[in-house]
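Shown below is the structure under consideration.
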Amino acid sequence: MNLMRLVAPTLLFAVGVVASAQNTTPKYDENALTIPKTIEVIDTAKAVATANSIKTSAKARCNSLRNELEIIEGMGIIGTQLDAKGKELLMRLVKDKSVTIALGYSQKQHDKIVKKAEKGKVKKQMIPYIEYRRRDIVGRIDILEEICSSDFWRIVRPLPTKEITVQTPNPYNRARSYKSPSTLDLLDKTAQMSGWEWTTSLAYTVETSPSPYYLPLKIYPGHDQYRICDNYVYDQKGNLVRVLTLLRNDDGTISDELKEDLTQKLYIQDYKNNKYGIRSASEDVHYAIRNRLGLSDESKRKTSQQTSDLISAGVGYLFSGSKRKQDRYVEDGVSVFLDMLGEQSRLYNSEAEKFLEQIKKDHEDDFAYTYKIERTGDKSFSITFLDDRKSASCVAEISFHTSSPYKVEQKVTVRESPKWKLPYYADMQPEPGPSAIGVYQIVREKNLNQKGNYIPINDVNKISPDAQQYLNALKIKR
């Protein structure tokens with residue numbers, strides 16, 4: 001009869017295929033509040049250096065365009081005779097065929113304009129070229145000024161990253177996980193299975209145990225001295241060698257049967273330890289308590305005898321042949337019945353009832369949380385319980401043994417726990433660990449035990465399309 005969940009090893013490989021028996025069980029630090037974590041963050045120093053390089057190029061280009069704009073603004077008057085520098089710029093403008101096409105000039109018109117421009121004098125037909133270039137330069141200067149005034153994350157693409165190690169909240173801290181049976185089971189099972197991880201990774205063959213049980217017994221290569229069935233490890237003669245794990249039920253609790261057994265043992269412990277000075281009570285009080293707690297079967301034996309006597313009186317009355325005998329049986333029956341009432345009144349003594357109600361109240365919240373199930377031997381475990389105030393209430397000791405080949409029985413004892421309480425942070429929401437340098441978002445996160453999650457950079461502060469197009473045209477390495 002299992003009072004808690006006994007978990008059998010599972011087959012991870014096909015039968016007949018031998019896998020490595022190396023211990024790959026992850027180690028969990030149940031005491032640490034934080035654990036190291038590797039994350040990839042924006043390398044701000046490198047990003048700022050790249051941005052400064054881009055801005056330096058943009059400033060130089062902006063200054064060059066301003067110088068050109070100053071010359072062009074002096075070319076806007078018809079008839080102006082240009083110097084050598086102005087003439088060179090004018091020739092470059094009018095020879096730009098893309099501008100000629102944009103302005104709607106024919107090739108013949110274009111050739112005449114170029115010929116006149118060679119003389120270095122501004123003509124009416126050249127003004128559209130000059131104005132076209134002036135507007136272009138003004139637009140480019142606006143874009144370059146935007147780039148020069150932008151923050152680095154708006155102009156550097158992709159943002160450079162680097163890996164750093166930070167401290168983050170430990171998801172396996174036992175105190176913080178007291179309400180999470182799945183996490184507690186993971187911690188307990190990992191510790192309980194230490195050295196026996198091969199039962200979950202090696203292939204096995206199956207043989208059937210002898211009569212009368214006919215159990216399917218797993219035999220593992222390299223460990224053929226053992227026979228494993230469900231959660232129990234036997235030797236070749238069916239003697240229990242080890243219990244692999246003892247865990248909580250699926251809902252995180254212990255069974256009602258175990259809870260009742262442990263509670264009854266705590267009541268008996270209180271009585272024997274003279275709680276509330278009960279030893280000074282009268283013999284009637286002790287009689288009631290001992291019989292109610294199962295420490296004595298005197299009342300049970302009396303009640304059984306009285307019931308038998310009452311039945312005998314009834315049967316005698318029914319089958320007696322004379323009224324005189326019937327009257328005698330009636331008297332006997334009434335006497336037995338009165339004795340039974342007296343026995344019941346002894347069992348429900350008011351002072352005993354008060355004591356029993358008080359110790360029941362004392363222990364009603366003792367099993368609010370099954371905090372830790374710890375191996376104390378190959379075939380024994382201790383279970384630490386917390387009450388609803390998150391204080392240690394009691395410790396149960398469960399041991400297993402075989403009464404005959406392959407027949408497992410268990411023994412349960414209980415003792416009060418040394419008084420301690422979960423630390424103050426058990427119910428505190430842990431602050432998230434640093435996820436990036438400064439205010440910049442994570443590009444990629446690498447958890448110690450999980451596959452990385454990919455998080456995109458926030459798109460809110462993207463640079464304008466015109467500036468991005470210009471950056472692309474510059475072909476600056478970003």
Side-chain angles (χ1 to χ4, degrees), residues 2-12 19-36 169-202 218 220 223 226 228 230-234 240-255 258 262 367-386 390 392-401 408 410-415 417-418 420 422-423 425-426 447-450:
N2 295 332
L3 301 181
M4 297 192 70
R5 184 162 59 101
L6 295 160
V7 181
T10 54
L11 176 64
L12 299 183
S20 171
Q22 291 180 351
N23 178 10
T24 57
T25 302
K27 300 299 180 184
Y28 305 103
D29 188 343
E30 63 180 61
N31 299 313
L33 285 175
T34 60
I35 55 174
N170 178 14
Y172 306 108
N173 178 268
R174 186 178 288 274
R176 278 187 174 152
S177 304
Y178 77 97
K179 290 183 180 179
S180 174
S182 59
T183 302
L184 296 177
D185 267 351
L186 175 64
L187 293 173
D188 293 338
K189 183 178 180 180
T190 301
Q192 292 172 21
M193 288 292 291
S194 178
W196 288 75
E197 293 84 0
W198 52 268
T199 59
T200 64
S201 61
L202 290 181
K218 299 174 183 176
Y220 291 80
H223 304 277
Y226 301 123
I228 298 178
D230 294 331
N231 200 49
Y232 302 119
V233 182
Y234 305 95
L240 185 65
V241 174
R242 186 180 178 89
V243 178
L244 289 173
T245 58
L246 183 68
L247 303 175
R248 297 153 189 78
N249 291 328
D250 291 336
D251 61 356
T253 64
I254 59 174
S255 68
L258 176 58
L262 293 174
F367 306 100
Y369 303 101
T370 307
Y371 184 64
K372 189 172 187 177
I373 306 175
E374 190 173 12
R375 180 180 294 281
T376 56
D378 286 335
K379 299 175 285 185
S380 58
F381 301 84
S382 69
I383 309 172
T384 301
F385 296 97
L386 305 181
K390 303 187 290 295
S393 55
C394 64
V395 176
E397 306 283 352
I398 300 183
S399 60
F400 299 81
H401 64 278
V408 177
Q410 53 194 10
K411 179 182 177 182
V412 180
T413 59
V414 67
R415 57 181 170 83
S417 170
W420 56 270
L422 285 185
Y425 56 77
N447 195 310
L448 294 178
N449 297 305
Q450 297 176 351

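Position 1 is the first residue of the sequence; numbering continues from there. Below, all heavy atoms of this structure are taken into account, side chains as well, without hydrogens, waters or symmetry copies. Quick caveat, the model's predicted, so the values are computed rather than measured.
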Steps toward side-chain contact (heavy atoms from CB on, under 4.5 Å) verdict (Y369, L184): CA-CA 11 Å; Y369 303 101; L184 296 177; over 6 Å; no
Can you tell if the side chain of L33 reaches within under 4.5 Å of the side chain of N170, non-hydrogen atoms only? no
With a 3.5 Å distance limit and no angle check, can you tell me whether R375 reaches the backbone of V243 through a side-chain donor-acceptor pair? yes
Do S255 side-chain atoms and L258 backbone N/O form a donor-acceptor pair below 3.5 Å? yes
Given the rule in the side-chain contact (heavy atoms from CB on, under 4.5 Å) test, do L262 and I383 qualify, once you have shown the distances and angles that lead to the verdict? CA-CA 11 Å; L262 293 174; I383 309 172; over 6 Å; no
Identify, with sequence neighbours excluded, every residue that meets salt bridge (Lys or Arg N to Asp or Glu O under 4.0 Å) alongside E374. none
Centres of the F367 and F385 rings: under 6.0 Å? yes
Find the distance between CZ (F381) and NZ (K372) and round it off to the nearest 0.5 Å. 13.5 Å
Is the backbone of Y220 close enough, under 3.5 Å, to the side chain of Y226 for a donor and an acceptor to pair up by distance? no
Less than 4.5 Å apart, side chain to side chain, heavy atoms only: is that true for T253 and P181? no
Short question: side chain of Q410, backbone of I398 - any donor-acceptor pair under 3.5 Å? no
For the atom pair CG (D185) and CZ (R248), what is the distance rounded to the nearest 0.5 Å? 5.0 Å
To check you understand the geometry: which heavy-atom pair defines the closest contact between A392 and P418, and what is its length? CB-O, 3.8 Å
Could you grab the distance from atom OG1 of T245 to atom CD1 of I373, nearest 0.5 Å is fine? 9.0 Å
From L187 atom CG to R174 atom CZ, the distance as rounded to the nearest 0.5 Å: 5.0 Å
Quick one: salt bridge (Lys or Arg N to Asp or Glu O under 4.0 Å) partners of K390, sequence neighbours excluded? D427
For A426 and A175, the nearest pair of non-hydrogen atoms, with its separation, is CB-O, 3.6 Å
The reported gap from CD in E197 to CG in L202 (rounded to nearest 0.5 angstrom) is 11.0 Å
Do you know which two heavy atoms are closest between I35 and P169, and how far apart they sit? CG1-O, 4.3 Å
Evaluate the side-chain contact (heavy atoms from CB on, under 4.5 Å) criterion for residues T190 and Y172: first the C-alpha distance (whole Å), next the side-chain angles of each, then the deciding distance (0.1 Å), finally the verdict. CA-CA 12 Å; T190 301; Y172 306 108; over 6 Å; no
Check for a donor-acceptor pair, side chain of D29 on one end and backbone N or O of N31 on the other, with a separation under 3.5 Å. yes
Between the CG atom in L247 and the OG1 atom in T370, the distance rounded to the nearest 0.5 Å is 11.0 Å
Is there a side-chain contact (heavy atoms from CB on, under 4.5 Å) between W420 and L386? Walk through the geometry before answering. CA-CA 10 Å; W420 56 270; L386 305 181; 3.8 Å; yes
Taking the side chain as C-beta and beyond, is there a heavy-atom pair between M193 and L244 under 4.5 Å? yes
Looking at D251, is its backbone amide N or carbonyl O close enough to the side chain of N249 to form a donor-acceptor pair, meaning the two atoms are under 3.5 Å apart? no
Using every non-hydrogen atom in the two residues, find where S382 and E397 come nearest and quote the distance to one decimal. CB-OE1, 3.4 Å
